**Q** 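Sharing a structure, written as structure tokens. Questions coming.
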Amino acid sequence: MSSYARRGVHGQTVEALARRILGGAIPEGATLDLVALQSELDVSLTALRESLKVLAAKGMVDARQKRGTFVRARADWNLLDADVLRWQFEGGSTTDADRALLHNLAEVRSIIEPAAVRLAAERRTEDDLAALEGALDAMAEQDAGASHAVDADLAFHRALLTATHNELLERMEMVIESGLAHRDRIVHSSPHSEDPVPAHRAVLDAVRDRDPLAAEAAMRALLDQAGRDLDRVGTTDDDTEGSRAK
């Protein structure tokens, strides 16, 4: 269960509305019928308005006199907000919009993580190395399941950002993790992905050796492999859909 859903009726209402907007069920520019939504979601008008305040803070909705509450243009949405990213990816299926966002996030990672790992190689502590080793050991566990593999991968990349000892880079985990988690769920549930351990081990070895150039090269190789895995799964899914259509 997600963090918002655990907050009771208010949180569940926030997520229900957010997913409808992100999925296009409530399109950009649409004016919300609050009475109808209140009845459909079976919540009080107060709870509905409080939920809309959350989405307004994330740039997704706004309210104007004579127009009411409406969905803002996607360009106004705070797409770097961790909740917005997570909501977009938790719809249950991977849409074209999801794949486009994954591609955008892959480009962001290709900018941030190679530079971050250079700093990690220069600044890492023994505690940082222990965290990275622990995550890699968890990643290497056989038959632990896709969910365990996702958690281990997230822990590894989180530990790398922490090892930069740069507070702003550490906060980038909120942007990276939502997309990475969704990408991992797709890839680790497929039998067609490459073993992730050697690529991650190469990154860790370079960080341990305090070799920034080798660490950057290893991270770029890891990201290339991640891209190949996702492309391979996407191609397989397309072939499967084509077979079903015949």
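Please read these numbers as outputs of a predicted model, since none were measured by experiment.
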**Q** Per the salt bridge (Lys or Arg N to Asp or Glu O under 4.0 Å) rule, what does the pair list look like for residues 154-167, sequence neighbours excluded?
**A** Arg158-Glu173, Arg158-Glu177
**Q** Side chains of Phe70 and Leu32, heavy atoms from C-beta outward: is any pair under 4.5 Å?
**A** no
**Q** Any non-hydrogen side-chain atom of Ile176 less than 4.5 Å from a side-chain atom of Leu105?
**A** no
**Q** Identify, with sequence neighbours excluded, every residue that meets side-chain hydrogen bond (donor to acceptor under 3.5 Å, both in side chains) alongside Arg109.
**A** Glu113
**Q** Kindly write out the residues that satisfy side-chain hydrogen bond (donor to acceptor under 3.5 Å, both in side chains) with Glu50, not counting sequence neighbours, or none if the list is empty.
**A** Lys53
**Q** With Arg64, which residues qualify under salt bridge (Lys or Arg N to Asp or Glu O under 4.0 Å), at least two apart?
**A** Asp62
**Q** What residues, two or more places apart in sequence or in another chain, satisfy side-chain hydrogen bond (donor to acceptor under 3.5 Å, both in side chains) together with Asn166?
**A** none
**Q** Holding to side-chain hydrogen bond (donor to acceptor under 3.5 Å, both in side chains), I want the full list of residues that pass it with Thr125, two or more places apart in sequence or in another chain.
**A** Asp128
**Q** Residues in side-chain contact (heavy atoms from CB on, under 4.5 Å) with Glu28, at least two apart?
**A** Ala73, Arg74, Trp77
**Q** For residues 30-48, which residue pairs pass the side chain to side chain donor-acceptor pair (under 3.5 Å) check, not counting sequence neighbours?
**A** Arg20-Glu40
**Q** Which of these, Leu48, Val54, Leu55, sits in a side-chain contact (heavy atoms from CB on, under 4.5 Å) with Thr13?
**A** Leu48
**Q** Answer whether the closest heavy-atom distance between the side chains of Asp153 and Asp151 falls below 4.5 Å.
**A** no
**Q** Which residues satisfy the salt bridge (Lys or Arg N to Asp or Glu O under 4.0 Å) test with Arg72, sequence neighbours excluded?
**A** Asp76
**Q** Quick one: list whatever passes side-chain contact (heavy atoms from CB on, under 4.5 Å) with Ala56, sequence neighbours left out.
**A** Val61
**Q** Please list all pairs passing the side chain to side chain donor-acceptor pair (under 3.5 Å) test where one or both residues lie in residues 212-226, with sequence neighbours left out.
**A** Arg118-Glu216, Glu216-Arg220
**Q** Would a distance-only check, ignoring hydrogens and angles, find a side-chain to backbone donor-acceptor pair under 3.5 Å from Arg124 to Arg208?
**A** yes
**Q** Please list, chain by chain and in numerical order, all residues satisfying side-chain contact (heavy atoms from CB on, under 4.5 Å) with Arg49, sequence neighbours excluded.
**A** Leu34, Leu45
